[in-house]
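Scope of the values below: all heavy atoms of this structure, side chains included, with no hydrogens, waters or symmetry mates. Counting starts at 1 for both ligands and their atoms, following the listed order.
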Amino acid sequence: MEPQDSSKPVETGYIVPVPGIAPPSTPSEEEDPQIAPSPSTGGQHSRPIGWSLQDEDYESWEDEESDKSIESTADATDQEIPDEKEAEANGQLRALQFCVEANYKEFLFACGGTVPINSEHQGDPDATGKEAASRPESASSKASSLISVTHPPVTLRWDPEDVSAPASQSKLILPIEETTTGNLKHLLAETKPATFGRGGEDVYDESYRKASKLEPQTFSTNFCPYSAGIIEVISQLLLPDPERTGQRIIKAELYKLNVYTGPSGHFRSHVDTPRSRSQFGSLVVCLPVKHDGGALEVRHNDEVMKFDWASTSEQSELQWAAFYSDCEHEVFPVQSGHRITLTYNLYATFNSIQPLGSFSPLNNTQTPLDREIEALVGDATFLPDGGYVGFHTTHTYPHNDLEGCLEDTLKGLDMVIWRGFQRLGCAVCLRPVLQPASFTGPKLPFKLGRTFELRAISGEVESTDDWDAVAQDGWGLAQVSIEDIIWLNEPTLETKRAAFAYTVYGNQASSCLAYTVCSIIISVPKINEGKRDNLETTFDFVIEEEDWEKRSPWD
Ligand SMILES: O=C(O)CCC(=O)C(=O)O
Ligand SMILES: [Fe+2]
């Protein structure tokens with residue numbers, strides 16, 4: 001896993017000053033999550049995507065701008081209906097657009113459950129017990145078992161600062177076993193203040209985060225999220241492999257042991273910094289230590305999921321939650337006791353070996369959404385000569401990373417769209433879509449990019465032509481023009497990332513950032529003798545122009 005280049009600005013906030021190209025908050029490579037001071041509770045989609053630093057009154061054109069972006073999307077889909085056949089195809093298209101919209105709330109962005117601790121446990125993976133995972137608010141969640149596993153008591157051992165301290169004092173058995181009870185205070189004494197990345201440095205700010213931590217190299221545990229069955233559950237719910245190709249599997253990496261102590265331990269709303277391009281989420285495992293308060297709330301767009309472990313914190317079980325890395329989350333204040341957690345970074349990785357009879361209750365290939373995609377692609381009146389369909393992703397990806405996004409990290413609905421079209425022979429690729437920057441000048445059009453790299457461009461923009469030149473020459477545009485794409489949905493502006501910096505000359509010069517959202521571009525093959533050709537491929541990110549032309553469905 002290559003780590004994210006921390007020298008590169010990563011944009012997650014809303015207002016981004018551009019001294020050169022440095023953003024206000026470059027996350028620290030070493031330390032904890034960067035803070036995305038985002039909207040209170042998940043999801044306004046009406047934020048502007050680019051603006052001049054001099055635009056003090058950006059609030060006033062914010063709505064206008066977002067309306068405009070939505071209009072532009074609608075323009076692309078509201079196409080003329082010259083004859084009956086096209087009308088029919090359009091009906092099919094609208095059905096899919098409707099279905100996509102209806103599915104927005106259907107996809108999990110977080111999941112959680114419990115693993116019972118069984119002191120009789122002998123390490124037998126088939127030992128009976130229960131493991132549950134589902135939406136935490138559902139009353140039946142704990143009954144909807146996916147896998148039956150129990151875990152032996154959890155042992156924690158740590159390196160004491162005082163190396164002469166006896167080993168028997170640097171160990172806890174949880175739920176707290178009498179012989180180790182007194183060691184909780186030793187553990188607490190070994191933890192260090194938990195900092196987080198803000199403005200490019202590690203800060204300890206108790207008003208934002210009050211917690212302490214141990215680094216993974218200073219402690220060890222017999223707890224393993226794989227043998228506890230947790231990774232299997234996350235895999236089925238957050239990173240499913242609907243056709244069971246066994247291609248993408250999860251790598252969980254222990255990140256920290258965190259302690260939030262009453263009466264005021266907490267972590268305000270933030271988005272974790274992905275440690276690499278392949279990170280798609282985080283896992284928090286709550287150890288059985290008594291505490292009150294400290295609920296974890298996870299948000300995505302307008303949806304909220306809450307994991308409140310306090311009332312069962314003394315029970316003989318491990319409670320856990322996992323969520324996609326672009327989700328805002330928050331740990332509410334712990335009122336008393338100690339909320340002790342193990343956190344893991346979750347990466348999507350490849351598996352070339354087919355899973356052996358792995359239990360998969362999910363079969364996503366026949367969801368209503370899949371059926372709508374099938375109906376659209378199967379309709380010979382829809383793009384009979386081939387063409388492009390676009391889908392703005394509902395989650396954020398590192399789409400300003402030089403190496404682009406990894407399709408294996410696609411989340412929720414995004415993955416279903418990608419796989420749904422791909423399995424029908426359509427070619428798919430991820431592309432950054434440049435959003436119209438806004439400044440006191442001409443209104444600028446959307447652009448579809450071919451590069452993901454975040455750049456500083458010395459171009460000066462005074463007119464639409466200048467903008468075209470900056471975007472075309474300085475940033476690079478895909479051969480497919482944005483107007484050639486039929487869009488299935490509107491961009492979710494929260495997923496934006498900085499693409500390049502440029503200078504605007506109005507009354508005075510000002511630096512601006514141009515932003516992109518991430519989109520799936522689908523090349524629908526042409527109809528050949530009543531059937532679609534099979535493109536059986538993804539686009540390449542760095543292909544020559546001739547290749548683009550070769551792959552064009554109009555050839
Ligand atoms: O402890 C939790 O529930 C979440 C902690 C968290 O957000 C983090 O460590 O980044
Ligand atoms: Fe976090």
Please step through salt bridge (Lys or Arg N to Asp or Glu O under 4.0 Å) for the pair E330 and R268, ending with a clear verdict.
-> CA-CA 5 Å; E330 169 166 15; R268 271 166 57 187; over 6 Å; no

If we only count heavy atoms from C-beta on, is the F109 to D326 side-chain gap below 4.5 Å?
-> no

For R339, is the nearest heavy atom under 4.0 Å from an atom of ligand 1?
-> yes

Could you tell me which atoms of ligand 1, counted from 1 in the order shown, lie closer than 4.0 angstrom to a heavy atom of V284?
-> 1 (O), 2 (C), 3 (O), 4 (C)

Salt-bridge criterion met for K496 and E494 (N-O under 4.0 Å) = no

Counting from 1 in the order shown, the ligand 1 atoms closer than 4.0 Å to a non-hydrogen atom of N258 are 9 (O)

Considering only heavy atoms of R209, which atoms of ligand 1 have at least one such atom less than 4.0 Å away?
-> 9 (O)

Check N489 against F391 and note the closest heavy-atom contact, atom names and distance.
-> ND2-CE1, 3.2 Å

Any cation-pi pair here, K213 with Y255, using under 6.0 Å and within 45°?
-> no

Can you give the angle D272 OD1 - the Fe ion (ligand 2) - H270 NE2, rounded to 10°?
-> 90°

Take F280 and Y347 through the test ring pair (Phe, Tyr, Trp, His ring centres under 6.0 Å) and record every step on the way to the result.
-> CA-CA 6 Å; F280 71 93; Y347 304 93; 8.4 Å; no

Side-chain donor-acceptor pairs under 3.5 Å in residues 282-295, sequence neighbours left out?
residue : atom : partner : partner atom : Å
S282    : OG   : D272    : OD2          : 3.1
H291    : ND1  : V289    : O            : 3.0
D292    : OD2  : S336    : OG           : 2.9

Which atoms of ligand 1 are found less than 4.0 Å from any heavy atom of V331?
-> 1 (O), 2 (C), 3 (O), 4 (C)

Per-atom contacts, ligand 1 versus Y260 - under 4.0 Å to a heavy atom | 1 (O), 5 (C)

Does D272 reach ligand 1 with a nitrogen or oxygen that is under 3.5 Å from one of the ligand's nitrogen or oxygen atoms?
-> yes

Does even one non-hydrogen atom of F307 get within less than 4.0 Å of ligand 1?
-> no

Determine, using ring centers only, whether Y260 and H266 are less than 6.0 Å apart.
-> no

Contact with ligand 1 for H270, non-hydrogen, under 4.0 angstrom | yes

Does the N or O separation between W309 and ligand 1 drop below 3.5 Å for any pair?
-> no

